[in-house]
Amino acid sequence: MTTAERQALIAAARAAVGTAYAPYSEFHVGAALLFDDGEIVTGANVENASYGLALCAETVACALASHAGRRGGLIAVAVLGGKHGVVGPVVTPCGRCRQVLNELSQLGRTDPLVLCVGADETVEIRLSALLPRAFGPANLA
Ligand code: THU
């Protein structure tokens, strides 16, 4: 990933925060996925009056990418957010999102770099480090 791609990915995640539907937690999150053809797919969290049904930003982005026909090629992810959309401490993907991201990454045999962006620091970590020994499509082959 080039410096320009990295900046564009973080900017896309930041822009996606604005489309979050999070009236219950008021915690607005944006996620952006960078693919090996340079395209970026974004998502934001979608909450529900039945609180437990909330969809995280990363999961929404993966679903949109899948619906657009993506079946791999995921090279990097950016995620950020905070209360009322103000970026605060680093946001790392929740457990379910790690598994959802793993599906897309394993399909294309990539190990995306996950940029967890906070106001004061950015944590860069491979998905395989966030979800070691992941269960994925290969297990069902
Ligand atoms: N959330 C995300 O969208 N991504 C994360 O990585 C962490 C949490 C959302 C889910 C919920 O709508 C809100 O943040 C508070 O947990």
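In listed order, ligands and their atoms are each counted from 1.
Distance check, rounded to the nearest 0.5 Å: CG of Asp36 to CG of Leu74 gives 9.0 Å. Here the CG-OG1 distance, from Leu104 to Thr110, works out to 7.0 Å after rounding to the nearest 0.5 Å.
Residues passing the side-chain hydrogen bond (donor to acceptor under 3.5 Å, both in side chains) test with Thr122: none are found, sequence neighbours excluded. For Tyr24, the ring-ring contact (aromatic ring centres under 6.0 Å, His included) criterion is met by Tyr51, not counting sequence neighbours.
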Contact table ligand 1 N or O to protein N or O, d under 3.5 Å:
| unit_1 | atom_1 | unit_2 | atom_2 | d |
| --- | --- | --- | --- | --- |
| ligand 1 | 3 (O) | Ala57 | N | 2.8 |
| ligand 1 | 4 (N) | Glu58 | OE1 | 2.9 |
| ligand 1 | 6 (O) | Glu58 | OE1 | 3.4 |
| ligand 1 | 6 (O) | Glu58 | OE2 | 2.6 |
| ligand 1 | 6 (O) | Thr92 | O | 3.4 |
| ligand 1 | 12 (O) | Asn45 | ND2 | 2.9 |
| ligand 1 | 12 (O) | Glu47 | OE2 | 2.5 |

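Side-chain heavy-atom separations under 4.5 angstrom define the hydrophobic clusters, and the remaining members of the one that includes Val29 are Phe27, Val79, Val91.
Using a 4.5 Å heavy-atom threshold, the side chains of Glu124 and Val114 count as separate.
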